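Worksheet: one structure, shown below.
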Amino acid sequence: MGKSSKDKRDLYYRKAKEQGFRARSAFKLLQLNDEFHFLDGVQRVVDLCAAPGSWSQVLSRELFPDGKNTKKRIVAVDLQPMSRIEHVTTLQADITHPRTLTKIIELFKGEKADFVCSDGAPDVTGLHDLDEYVQQQLILSALKLTVSLLAPGGCFVAKIFRGRDIDMLYSQLGLLFDKVTCAKPRSSRGTSLESFIVCQGYTPPLSWAPNIEKNVSVEEFFEEFFQNWSIQQPLTPGRPLPMYSEGHRGIAPFISCGGLDSFDSDATYHDLPKSATALDPVQSPTNPPYKRALELKRSGKLGRSV
């Protein structure tokens, strides 16, 4: 969480500090769960692109309210290092690497996950078409891992950037899940392109066995599935892909999560009274990208060729 004047007037930013969350995005998952109740009764959860860990904190508090249930497991995965969170096993790994799936399955002792979520997003460029494309590729990479470890009937939640071609992604997800909904939590700024896709009731075809071990692209990985789905029978070796035709493109229903009594994330609130105390960050960056710049500045080498 940054320290700009905009952030200081954002009540979700301050509430996150007050409640011990590492980022304001924790309220997005809380509001989504209040609407869809996808955390009810889950035993095994995977948080992809988890750093800095606010969603993992929510998962820990929701799954372990008394801290005594030892059967439940939460695995958080990210390329960046994460500080320890109670009841959460962290993996510093690449979600696109086959070894990551193996590690998660080992932690679950061979069992499948009940819920997989991803709050990951690329560094935005401001070019909306490019940002939407890169975000969709990130979602498909997360989905590639998800279909390999999610149990039938499970749920998948991921951040999306809504654009003109987003209905194609809705249609693709609709082939894998019984219900697909696009949701916008109240804590997500209205000026932001972000929303969240909530996919419930995972129903993979019986004849499709996803194999992430193959060193193939995301498109090649799902190619066999779409073939299976289109012909509704086991694949014939060597059979070419059917000719492409523009079919029905589904549109997911859009809902807003969080009541009107919630804080408005776009509102500019008055500054806090002088009697208010400043709140320190809940968790300092584990490996901040500006660390090297600070080292150079202290040594007087910043701006020089070294």
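Predicted, not measured: the structure shown is a model, and the values here were computed from it.
- For Q136 (side chain) and F161 (main-chain N/O), no donor-acceptor pair under 3.5 Å exists by modelled atom type.
- Listed by first then second residue, pairs satisfying salt bridge (Lys or Arg N to Asp or Glu O under 4.0 Å) with a partner in residues 92-108 number zero, not counting sequence neighbours.
- Taking all atoms of both residues into account, the shortest heavy-atom contact from K72 to V42 is CE-O, 3.7 Å.
- A donor-acceptor pair is defined here as one N or O able to donate and one able to accept, closer than 3.5 Å; such a pair exists between the side chain of Q92 and the backbone of L79.
- Proximity of the aromatic rings of W55 and F196 is defined here by a centroid distance below 6.0 angstrom, and this criterion is met.
- With hydrophobic clusters built from ILVMFWY side chains whose heavy atoms lie under 4.5 angstrom apart, V157 shares a cluster with I255.
- A donor-acceptor pair shorter than 3.5 Å can be found between the side chains of S25 and S54.
- With a 4.5 Å cut-off on side-chain heavy atoms, L150 and F115 do not count as touching.
- Side chain of N33 to main chain of L39: a donor-acceptor pair is present (N/O by atom type, distance under 3.5 Å, no hydrogens or angles).
- Under a hydrophobic-cluster definition in which Ile, Leu, Val, Met, Phe, Trp and Tyr are linked whenever side-chain heavy atoms come within less than 4.5 Å, directly or via other members, V134 and I197 are assigned to different clusters.
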Go through the steps for I95 and H97 under the test side-chain contact (heavy atoms from CB on, under 4.5 Å), then give the verdict. CA-CA 6 Å; I95 65 172; H97 199 286; over 6 Å; no
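- In this structure F177 satisfies the ring-ring contact (aromatic ring centres under 6.0 Å, His included) test together with Y202, sequence neighbours excluded.
- Counting heavy atoms from C-beta outward, F27 and R186 have side chains that stay 4.5 Å or more apart.
- Using a 4.5 Å heavy-atom cutoff, the side chains of K71 and Q43 are in contact.
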List the steps, then state whether side-chain contact (heavy atoms from CB on, under 4.5 Å) holds for E132 with L193. CA-CA 9 Å; E132 292 162 13; L193 283 175; 4.1 Å; yes
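- Judged purely by atom type and a 3.5 angstrom limit, S171 uses its side chain to pair as donor or acceptor with the backbone of D167.
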side-chain contact (heavy atoms from CB on, under 4.5 Å) for I160 and Y170? Distances and angles first, verdict last. CA-CA 11 Å; I160 62 170; Y170 295 155; 3.8 Å; yes
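- For the salt bridge (charged side-chain N to carboxylate O under 4.0 Å, His left out) test, residues two or more places apart in sequence or in another chain that qualify with K15 are E18.
- Under the 4.5 Å side-chain heavy-atom criterion for ILVMFWY residues, no single connected hydrophobic cluster contains both Y133 and I139.
- Proximity of C117 to F156: side-chain heavy atoms (C-beta onward) are nowhere separated by under 4.5 Å.
- Between L173 and C199, the closest heavy-atom pair is CD1-SG, 3.8 Å.
- Side-chain contact between C257 and D34 is absent, with no heavy atoms from C-beta onward closer than 4.5 Å.
- F254 and L169 fall into different hydrophobic clusters, where Ile, Leu, Val, Met, Phe, Trp and Tyr side chains are chained together by heavy-atom contacts under 4.5 Å.
- For T146 (side chain) and A142 (main-chain N/O), a donor-acceptor pair under 3.5 Å exists by modelled atom type.
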Check step by step if side-chain contact (heavy atoms from CB on, under 4.5 Å) holds for L145 and L48. CA-CA 9 Å; L145 179 62; L48 303 176; 3.6 Å; yes
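- Partner of D47 under the side chain to side chain contact (heavy atoms under 4.5 Å, CB included) criterion, out of D119, L59, V116: L59 alone.
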side-chain hydrogen bond (donor to acceptor under 3.5 Å, both in side chains) for S188 and E194? Distances and angles first, verdict last. CA-CA 8 Å; S188 175; E194 77 166 8; 2.7 Å; yes
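- Of all non-hydrogen atoms in A252 and V180, the two that sit nearest each other are CB-O, 3.6 Å.
- To the nearest 0.5 Å, the span separating CZ on R73 from CD1 on I104 amounts to 11.5 Å.
- Smallest separation of non-hydrogen atoms from G53 and I85: O-CD1, 3.5 Å.
- A distance-only check finds a donor-acceptor pair linking the side chain of K184 to the backbone of R189 [under 3.5 Å].
- Residues R22 and Q57 approach most closely at N-OE1, 2.8 Å, considering heavy atoms.
- In this structure a side-chain-to-backbone donor-acceptor pair under 3.5 Å is present from R24 to S187.
- Taking both residues in full, the closest heavy atoms of S118 and C49 are given as OG-SG, 4.0 Å, listed atom of the first, atom of the second, then distance.
- The side-chain heavy atoms of T90 and V77, taken from C-beta on, include no pair separated by under 4.5 Å.
- Contact of the V45 side chain with the D114 side chain is not registered, since no non-hydrogen atoms from C-beta on lie closer than 4.5 Å.
- R61 forms a cation-pi arrangement with F21, by the criterion of a distance under 6.0 Å to the ring centre and an angle within 45° of the ring axis.
- Taking SG of C155 as the start and NE2 of H37 as the end, the distance is 12.5 Å to the nearest 0.5 Å.
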